[in-house]
Structure formats: structure tokens, C-alpha cells
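Let me begin by presenting the structure, written as C-alpha cells, before commenting on it.
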Amino acid sequence: MSGEASAGFAALGLEPRLVETLTTLGYEEPTPIQEASIPPLLEGRDLVGQAATGTGKTAAFALPLLQRLEAGRSKARGPAALVLVPTRELAMQVAEAVHRYGRPLGVSVLPIYGGQSFTQQLRVLKRGVNVVVATPGRALDHLNRRTLDLGALQVVVLDEADEMLDMGFAEDLEAILAATPEDRQTVLFSATMPPRIAAIAERHLENPVQIRIARAQLPEGAVPLVRQTAYIVPRAHKLAALGRVLDMESPEAALVFCRTRNEVDELTEKMNAHGYRSEALHGGMTQEQRERVMKKLRSGTADLLIATDVAARGLDISRLSHVINYDVPNAPESYVHRIGRVGRAGREGVAITLAEPREHRFLKNIEQLTKRKIDISRVPTVADLRARRLALVRASLREALLAGELDGFRSVVESLAEEFDPMDIATAAVKLVQEATGAEVDEEGADIPEAAPPREKAGRRKGAPGKGKGTAARGEKAAPRRGAGRARGPRGGIARLFIGAGRGAGVRPRDVVGAITGEAGISGGEIGAIQIADDFTVVEVAEDVADEVLGALRGSGIKGNRVTVRRYREGKRGR
Ligand code: AMP
């Protein structure tokens with residue numbers, strides 16, 4: 001089936017080397033946003049696309065961009081493409097994706113963001129790169145220092161444009177775009193399309209193709225009867241979370257979805273190593289292999305089927321009780337297809353989704369399409385699993401008591417009762433049953449962090465952050481931390497930090513918020529009051545991130561300038 005997989009991408013006009021790379025990465029077919037965007041982008045059209053994280057938008061703009069880079073163009077002319085992104089994390093992710101897709105074409109890419117030393121970035125820029133992926137603040141700093149020349153740029157991509165505006169980067173974007181050639185190709189992706197984004201598109205894009213994946217109208221009864229739950233889990237903890245959820249739910253048989261072939265193979269191997277009877281199913285397998293797998297599942301010799309969307313299409317296994325989205329699907333419609341594998345013939349099925357913090361918006365889109373609520377739950381803790389195992393032991397004991405026929409065991413209790421309290425004897429017996437029956441609770445990942453979904457955008461400030469008060473109402477940007485992201489301003493202990501630059505140096509609240517959230521990767525919910533004096537600034541942050549913020553600000557500085565940053569001590573302002 002691998003021929004079929006590459007056929008989907010080749011049909012969009014992508015060149016053989018790129019198609020080959022995608023096959024190697026285990027991509028089976030283009031996502032809807034890729035199908036709609038790649039052909040017009042290859043033609044050189046400007047494009048406005050509404051797409052959330054998880055839809056495959058990065059490949060949607062990166063693949064055409066790579067293919068259109070002029071062959072043989074000298075790097076000395078400056079970068080040919082610039083991708084602007086809101087955060088340091090995204091800059092690294094996108095740069096990595098561009099690098100991965102562009103490797104066979106020999107394309108070089110450089111991420112530039114605050115917090116990293118200028119010198120290193122300068123060295124690479126001097127040597128010459130094809131693609132720069134940057135946060136707006138740092139890109140502008142380089143432009144102002146004349147260390148970045150955008151004069152020969154062919155393509156500009158504004159990725160997550162709504163986030164960039166929310167972070168107060170509007171002016172920076174204008175300044176950067178003004179430094180690029182008029183005849184460049186411009187691509188704008190945004191999860192939401194508020195009027196401010198439309199206005200930017202109107203000003204800077206020429207006759208753009210508008211891609212908004214039309215919401216399919218679902219026919220009556222298309223959404224099966226399923227209990228839907230989602231867990232917000234950082235990528236690094238997904239495997240542990242899956243184990244916990246499986247142990248808690250005890251599915252009869254579950255279908256677990258991953259995005260790519262490679263991920264299916266990897267997860268199958270890991271789950272088998274953890275003692276789950278799992279089988280892989282993907283488009284790279286022969287019909288014979290597929291049939292063997294299906295047989296194992298039907299007969300109960302396997303309990304987990306780990307599959308890609310393509311391979312699971314039309315699958316009909318009556319034993320399936322759970323569908324688990326290990327990766328969120330690439331479009332809300334695929335979610336409905338996936339969960340259609342359970343909840344058949346009036347039986348209640350269960351659909352579970354492990355979403356990464358950045359993919360929270362995607363859950364909203366699914367709720368809108370299905371008109372059903374998805375409960376966001378906490379990943380079961382080790383204590384939850386223990387409690388559940390005890391409940392099972394209790395139920396078995398109760399059954400044994402009701403069934404009677406205990407006479408053969410009574411003498412053991414009677415003899416022990418001469419020495420011990422009967423209550424203690426029973427308790428010890430429960431302990432032994434528990435130990436004998438329970439699979440060991442996985443305590444490796446005892447600290448799966450609880451990731452709060454990013455705050456909703458309703459009621460957010462427009463434009464720049466407010467005037468010096470707990471300003472940064474923005475979503476989770478970095479690896480989430482326990483309980484972060486809900487309350488306005490930091491909860492718990494507060495640290496006050498001194499920054500040795502103030503109004504006199506042109507520091508505005510948004511520079512402080514931008515440096516902390518974007519460059520240091522701290523959630524906006526952990527920033528409190530910001531006071532800007534003439535020659536210094538004091539900002540409040542949550543105590544548990546204070547050292548991280550200090551370290552990052554010392555590295556990145558404010559507005560590209562190194563400044564003194566330290567804990568603020570009342571009455572001691574100077575250095
Ligand atoms: P993005 O929405 O760009 O953040 O991409 C989400 C994830 O989907 C990334 O991990 C990509 O590697 C993956 N991805 C992108 N396109 C495809 C595809 N056609 N098939 C499978 N996975 C994909």
C-alpha cells in the first residue's frame with residue numbers, strides 16, 4: 001500500500017524526493033489542510049488558511065516552500081524563506097520539520113529566537129541559510145542590527161498569526177513585512193480568524209486563496225453513542241498516560257490511533273514491552289498480515305490494535321469497546337470516523353483522546369461538529385489505580401462471601417484468631433489477595449503533570465498587553481506545569497524580579513510579557529503585576545518558575561539588550 005500512500009502526495013504536485021521523504025516518515029496520505037493548500041502554494045499563490053495545531057499545517061506550508069526554493073540559488077543573497085511563529089518552542093518545532101522534509105534537497109534552516117546567543121545565530125546567518133524560522137521580536141532585532149537581510153526573500157509565512165497578535169507582535173510583524181520584497185509569496189495560517197487577522201491579510205496578501213476546511217454537515221445519527229473523554233497530556237508523558245487510562249478503563253479490546261506508520265510500530269513495540277497484547281495495523285502491511293492481525297483480535301489473542309486512519313477504515317470488530325486517540329486526528333471529521341468503530345448496534349462505546357496542551361482548540365472543533373461535549377479529565381494517578389484495584393478486590397471478596405462454601409478455610413481464621421484480632425486477620429487476607437491479583441501499578445511516571453488547557457480567548461485583551469497589571473492572558477506555550485494556565489496571574493508564592501531597564505529604554509509591558517512567555521516559554525498565567533519605572537522594571541511571577549524566568553531573561557535580555565536581572569529586594573534598586 002506504500003505506493004498508494006505516495007500517490008496521494010504526488011497527485012498534489014510534490015516532487016519525488018519530497019514524496020519519498022514523507023513515505024519514510026510513515027505519512028500515509030495528505031491531511032485535508034494539505035490537500036487544499038499544497039497545489040495553490042506550489043503555483044505561487046498567496047494563501048490564508050484557518051487551521052489549528054494538529055491538522056498538519058506545518059507540512060502544508062513547508063513542503064511547497066521547499067519545492068519552490070530556487071535550485072542553485074546562492075545562500076549569500078540572504079534567506080529565501082522566512083517563517084514567523086509566536087514562540088521559541090514553535091520556532092524549534094517548525095525548524096525541525098523544515099529540516100526533516102528538506103534534508104534530501106540539501107536545504108539549510110536556522111531557528112532564531114530570544115534566549116539563544118546572538119553570536120551563534122550571527123555565525124550561521126553569515127554563512128548563509130535558505131530558510132529562517134523566527135519569533136518576531138528576535139527577527140526584528142536582527143533586522144535592526146542589519147544582521148538579517150530579507151531583501152531577496154521569496155516566501156513569508158505567518159504561522160499562528162492570531163497568537164502572534166495576542167502576544168502584541170502586531171507592530172513587529174508590520175516592520176518585518178516592510179523589509180521584504182513586494183513580489184514575495186505570503187502565507188498566513190491562523191487557528192481563528194478574528195477581524196484583525198482579516199485586516200492583516202487584506203493589507204499584505206495579494207488575491208489570496210482562502211482555505212477554510214468546510215465543516216461537513218453530519219447526517220442524523222452519524223455520531224455514535226459513545227462516552228467521550230479527553231486528557232490533556234504533554235507529549236513526553238503520553239505513553240505513561242495511555243497505560244494508566246487502559247488500566248483504569250480495562251477495555252475488552254481497544255483500537256488505538258496514531259498518525260503515522262512509524263508511530264504505530266513504535267507504540268506497538270512499547271505497549272508489548274509493558275505487557276499489553278498489542279498488534280500493529282497500517283498501510284505498509286500486506287493483506288495477509290492484516291488478516292492475521294484481525295484474527296488475533298477477534299479471537300481474543302490480542303487486546304490492543306494500534307492503527308493509522310487509513311488502515312482502520314471500514315474495520316468491523318464487535319469486541320472493540322474503546323477507541324483511543326493517542327494522537328488527535330487531523331480533522332474533526334476523522335474523529336467521527338474513528339469513534340464510529342465502537343458504539344455499534346446500540347452498544348455504548350468509549351472514545352478517549354490524549355491531546356497535547358497546544359491541541360486543546362482541536363477538541364473544541366470536534367465538540368462543535370458533533371454537538372456533544374467531551375469531558376476533560378485528569379489522568380488517573382497511582383492512588384486512583386490503587387483505589388480501583390482495591391475496589392475490585394472488595395467486589396471479589398463480596399462475591400465469595402455471598403457464594404458461601406467457606407467452611408474449608410474457616411479453621412485457618414479460627415486458629416489465627418487465638419492470637420490476633422479478626423479484623424486484622426481479614427485485613428491481611430485482603431492485602432495478600434491484592435498483591436496476588438493486581439498487576440503492578442506503573443509508578444515510573446508517578447509525576448505525570450496535570451496540564452490545564454489553555455485559557456479560552458473570550459474576553460482577552462486586544463492588541464498589546466494591558467497597562468502594567470496581570471496582563472498576559474494567553475494560552476499555554478511551553479511544557480505545561482501543574483495547575484498553570486487557569487487563574488489570572490500567578491497563584492501560590494510570588495517572586496518579584498528586577499529588570500535593569502525601564503521606560504527610558506523604551507520598555508513596554510508587552511516587551512516584558514513577550515520575553516517571559518515567548519522567549520522563556522512560561523505560561524502567561526504565571527505573570528502578575530508589571531511596574532515600569534524610568535530606569536528599571538519590576539515584574540511579579542510565580543515563585544516556582546522564578547529561577548527559570550531569571551535564567552531566560554539573563555540569556556535573552558529585553559528588546560535584544562542584555563540587562564541586569566535579579567530578584568527584587570525592597571529598598572535596594574541599584575545593581
Ligand atoms: P501540525 O498540525 O503541523 O502541528 O502537525 C501535527 C503532526 O502531524 C506533526 O507531528 C506532523 O509530523 C504530523 N503530520 C503532518 N502531516 C501528516 C500526514 N499527512 N500524515 C501523518 N502525519 C502527519
Side-chain angles (χ1 to χ4, degrees), residues 1-2 4-12 14 18-39 41 49-66 83 85-87 89-103 133 157-163 187 189-191 211 213 234-236 238 257-267 282-284 306-313 325-335 338 353-363 365-366 475-477:
M1 210 198 252
S2 64
E4 252 174 69
S6 38
F9 286 105
L12 300 179
L14 289 174
L18 288 173
V19 174
E20 179 59 36
T21 305
L22 299 176
T23 310
T24 317
L25 290 174
Y27 292 11
E28 297 202 323
E29 61 177 2
T31 68
I33 199 82
Q34 290 162 2
E35 261 179 356
S37 312
I38 292 175
L41 287 178
Q50 182 163 6
T53 295
T55 53
K57 66 181 166 64
T58 313
F61 66 72
L63 294 168
L65 175 157
L66 287 163
V83 182
V85 297
T87 65
E89 283 72 27
L90 200 58
M92 292 192 281
Q93 264 174 40
V94 170
E96 200 191 305
V98 172
H99 172 72
R100 223 173 23 215
Y101 302 139
R103 201 182 338 221
V133 182
V157 181
L158 308 180
D159 189 17
E160 307 212 343
D162 49 356
E163 293 287 340
V187 184
F189 273 106
S190 189
I211 309 277
I213 302 299
R235 178 134 209 108
K238 268 193 176 178
F257 281 98
C258 295
R259 279 201 192 100
T260 66
R261 267 174 212 184
N262 302 4
E263 284 160 352
V264 164
D265 284 335
E266 230 169 80
L267 185 62
H282 58 60
I306 303 181
T308 55
D309 289 270
V310 170
R313 234 161 250 163
N325 299 302
Y326 189 71
D327 289 318
V328 298
N330 55 43
E333 290 75 16
S334 332
Y335 176 84
R338 286 179 176 189
T353 303
L354 304 183
E356 291 171 41
R358 299 184 53 79
E359 294 165 340
H360 179 248
R361 164 155 297 279
F362 193 79
L363 297 175
N365 293 348
I366 294 171
E476 202 69 51
K477 284 300 158 213

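Whatever order the structure lists them in is the order used to number ligands and atoms, beginning at 1. Positions are given from 1 along the sequence. Keep in mind it's a predicted model, so treat the numbers as computed, not measured.
Counted by atom type alone, E160 and T53 present one or more donor-acceptor pairs between their side chains at under 3.5 Å.
In this structure, CZ on R313 lies 4.5 Å from CD on E29, to the nearest 0.5 angstrom.
Nearest heavy-atom pair across V264 and H282 is CG1-CD2, 3.9 Å. Closest non-hydrogen pair, E28 versus A311, comes out as OE1-N, 4.1 Å.
Salt bridge R259/E359: present, at least one basic N to carboxylate O contact under 4.0 Å.
Between F61 and F189, the ring-plane angle classifies as tilted under the 30° and 60° cut-offs.
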Any protein N or O within less than 3.5 Å of an N or O in ligand 1? List each pair with its distance, or say none.
| unit_1 | atom_1 | unit_2 | atom_2 | d |
| --- | --- | --- | --- | --- |
| ligand 1 | 2 (O) | G54 | N | 2.7 |
| ligand 1 | 2 (O) | T55 | N | 3.0 |
| ligand 1 | 2 (O) | G56 | N | 2.8 |
| ligand 1 | 2 (O) | K57 | N | 3.4 |
| ligand 1 | 3 (O) | K57 | N | 3.3 |
| ligand 1 | 3 (O) | T58 | N | 2.9 |
| ligand 1 | 3 (O) | T58 | OG1 | 2.6 |
| ligand 1 | 8 (O) | R259 | NE | 3.4 |
| ligand 1 | 12 (O) | Y27 | OH | 2.6 |
| ligand 1 | 16 (N) | Q34 | NE2 | 2.7 |
| ligand 1 | 19 (N) | E29 | O | 2.8 |
| ligand 1 | 19 (N) | Q34 | OE1 | 3.1 |

